[in-house]
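Structure first, then comments.
Basis for what follows: all heavy atoms, side chains included, without hydrogens, waters or symmetry-related copies. Here the structure is a predicted model, which is why all the values come from computation and not from measurement.
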Amino acid sequence: MTIQTHAPAPDAPRHDARDAFADTLLELARLDGRIVAVVNDSIGSSKLGEFQKEFPERTINVGIAEQTQVGAAAGLANAGKIPFVSCAGSFLTARAMEQVKVDCAYSFYNVKLCAQSPGMGYGNLGATHHSLEDIAWMRAIANMAVVVPADHRETAQVIRWAAEYEGPVYIRVSRLGLPDVTRGDFEFGKASVLAEGDDVTIATNGVCTVRALEAADILAAEGISARVLHIPTVKPLDVDAVVSAARETGAIVTVEEATTFGALGGAVAEVVCDHHPVPVARLGVPDVFAPTGAEPWLLDHFGMSPEGIASTCRETIARKA
C-alpha cells in the first residue's frame with residue numbers, strides 16, 4: 001500500500017519568519033511612505049537593521065518602554081501613518097495591554113502589532129519571556145483581529161495583507177526555523193485544509209502546523225485518516241470550516257503554542273459546542289508556567305510532538321459516539 005505523505009521532507013529548507021517580516025516590511029515601505037516601524041530597542045531581534053538604514057526617519061525607537069511604544073503608534077495612526085509595532089510578544093501584550101485595548105482597539109486605530117518570538121520562542125529565557133496568554137487576551141478585545149501564520153511564506157503574505165487592512169491587528173512572528181508548509185493562499189478569516197481526512201481533524205496554526213502534518217502521516221500509516229485544518233486567523237474564526245470539520249470527521253484535536261484556555265482551542269470548542277458538539281481535545285500549555293528550555297523541546301514536553309499529537313488523536317477518536 002502506498003501512503004500519501006503531507007509533511008515536508010526532513011531536509012526541506014527552513015526559514016526564520018522574522019526574515020519574511022523584515023524583508024516584506026522594507027518592500028512595502030519603499031512603495032508607501034505612510035509605513036513606519038515602531039520598536040522598543042528591538043531593531044536586532046526584529047531584523048529591522050536594513051529598514052532603519054534605509055528609512056531612519058521612519059524608524060521610531062522608544063527604548064524599552066512598551067506602553068509608550070503602543071501609545072506612540074496609535075498617535076502615528078491618528079496622523080495617517082501605518083505603524084508596524086515590533087516587540088517581543090510577551091512584553092507587547094503583558095506590559096502594554098491597556099494601550100493595546102484603549103489606544104488601538106477602542107479607538108480603532110490602524111496599528112499593526114507584530115509579536116516577535118511569540119509562544120515559547122524565547123524558551124531559554126524562561127517563563128517571564130513566554131507569551132502563551134497573548135492569543136486568548138487579544139481575541140477577547142473587541143475590534144482586534146488576530147493572525148498566527150505557520151511559516152515564512154505565510155508571514156510575508158500576512159504582512160502584505162496587514163498593510164492594506166484598515167484596523168488594529170495582532171500578528172505572531174515566529175523565530176523558529178521552519179519549512180514552508182502553506183500553499184501561499186492566505187485569506188483573512190479563512191482556514192485551509194492542508195491534508196484531507198475523515199476520521200479526525202487536527203486544527204492548528206503557527207509553528208505547530210508542520211507537526212500536525214507529521215502526525216497525520218503517522219496516523220495514515222495506521223489507516224487513520226486525519227484532516228489537517230490550518231487556521232491562521234484566530235479572530236475572526238472560520239466558523240464554517242470548523243463546523244464542517246466537526247460534521248465530517250466527528251472529532252477535533254486543537255494544537256497550538258499557547259495556553260489551552262481561550263486561545264485557538266477555546267475558540268474552536270466554543271464553535272463546536274454551539275453548532276455541532278463532538279469530542280474535542282486541546283493540546284497546548286495547560287494551567288502552568290512553562291519551564292525553561294529550547295522551543296522544540298518545550299513543544300514536545302507539552303505533548304505536541306508529532307507522536308504526541310497522533311496519540312491524542314487516537315484517544316479523541318475513541319471518544320466518538
Side-chain angles (χ1 to χ4, degrees), residues 13 15-62 69-89 92 100 103-105 107-118 138 143-175 177-178 180-190 192 206 232-233 235-236:
H15 309 283
D16 185 332
R18 293 177 300 168
D19 291 320
F21 161 76
D23 293 346
T24 306
L25 192 62
L26 181 58
E27 171 192 324
L28 292 169
R30 289 168 177 160
L31 300 172
D32 190 336
R34 297 173 298 166
I35 290 177
V36 297
V38 187
V39 298
N40 63 326
D41 224 17
S42 54
I43 295 290
S45 60
S46 302
K47 298 200 171 186
L48 288 173
E50 287 300 314
F51 188 101
Q52 182 187 42
K53 181 178 178 181
E54 188 163 337
F55 298 110
E57 75 288 356
R58 288 157 63 184
T59 306
I60 295 89
N61 191 345
V62 303
Q69 181 184 19
V70 175
L76 288 162
N78 188 40
K81 302 298 183 182
I82 304 175
F84 279 77
V85 173
S86 184
C87 177
L92 176 57
V100 169
D103 296 351
C104 297
S107 302
F108 201 73
Y109 281 150
N110 193 27
V111 178
K112 318 305 172 184
L113 302 168
C114 300
Q116 302 290 342
S117 306
M138 288 296 166
N143 292 334
M144 183 65 68
V146 180
V147 184
V148 184
D151 55 28
H152 179 277
R153 177 189 293 136
E154 191 168 56
T155 299
Q157 289 184 299
V158 169
I159 297 302
R160 290 191 184 94
W161 160 80
E164 298 292 331
Y165 176 75
E166 187 66 33
V169 58
Y170 181 78
I171 303 166
R172 273 189 168 194
V173 181
S174 170
R175 72 186 290 137
L178 293 170
D180 283 331
V181 294
T182 58
R183 302 189 181 105
D185 56 356
F186 171 78
E187 183 178 353
F188 177 61
K190 295 295 182 182
S192 61
T233 308
K235 183 183 177 186

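- To the nearest 0.5 Å, the span separating CZ on R172 from OG1 on T155 amounts to 12.0 Å.
- The salt bridge (charged side-chain N to carboxylate O under 4.0 Å, His left out) check on K47 picks up D16, D19, with sequence neighbours excluded.
- Distance check, rounded to the nearest 0.5 Å: OG1 of T59 to CD1 of I43 gives 5.5 Å.
- In terms of heavy atoms, H152 sits closest to D180 at N-OD1, 3.3 Å.
- Under the 3.5 Å distance criterion, the side-chain polar atoms of E154 are left unmatched by any main-chain donor or acceptor of V181.
- Shown here is K190, whose NZ atom has no more than 12 heavy atoms of other residues, nucleotides or ligands within 6.0 Å.
- Aromatic ring orientation, Y165 versus F188: tilted (interplanar angle from 30° to 60°).
- Of the options V146, I159, L113, a side chain to side chain contact (heavy atoms under 4.5 Å, CB included) to I171 is made by I159 and by none of the others.
- Exactly one of V111, V85, V70 qualifies for a side chain to side chain contact (heavy atoms under 4.5 Å, CB included) with V100. That residue is V70.
- Every residue two or more places apart in sequence or in another chain was checked for a side-chain hydrogen bond (donor to acceptor under 3.5 Å, both in side chains) with R153, and none qualifies.
- Residue pairs satisfying the side-chain hydrogen bond (donor to acceptor under 3.5 Å, both in side chains) criterion with at least one member in residues 32-42, sequence neighbours excluded, are listed as follows: D32-R34, N40-S42, N40-E66.
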- Worked verdict on F186 versus T233 for side chain to side chain contact (heavy atoms under 4.5 Å, CB included): CA-CA 9 Å; F186 171 78; T233 308; 3.8 Å; yes
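- Side chain to side chain, D103 and Y109 fail the donor-acceptor criterion of an N or O pair below 3.5 Å.
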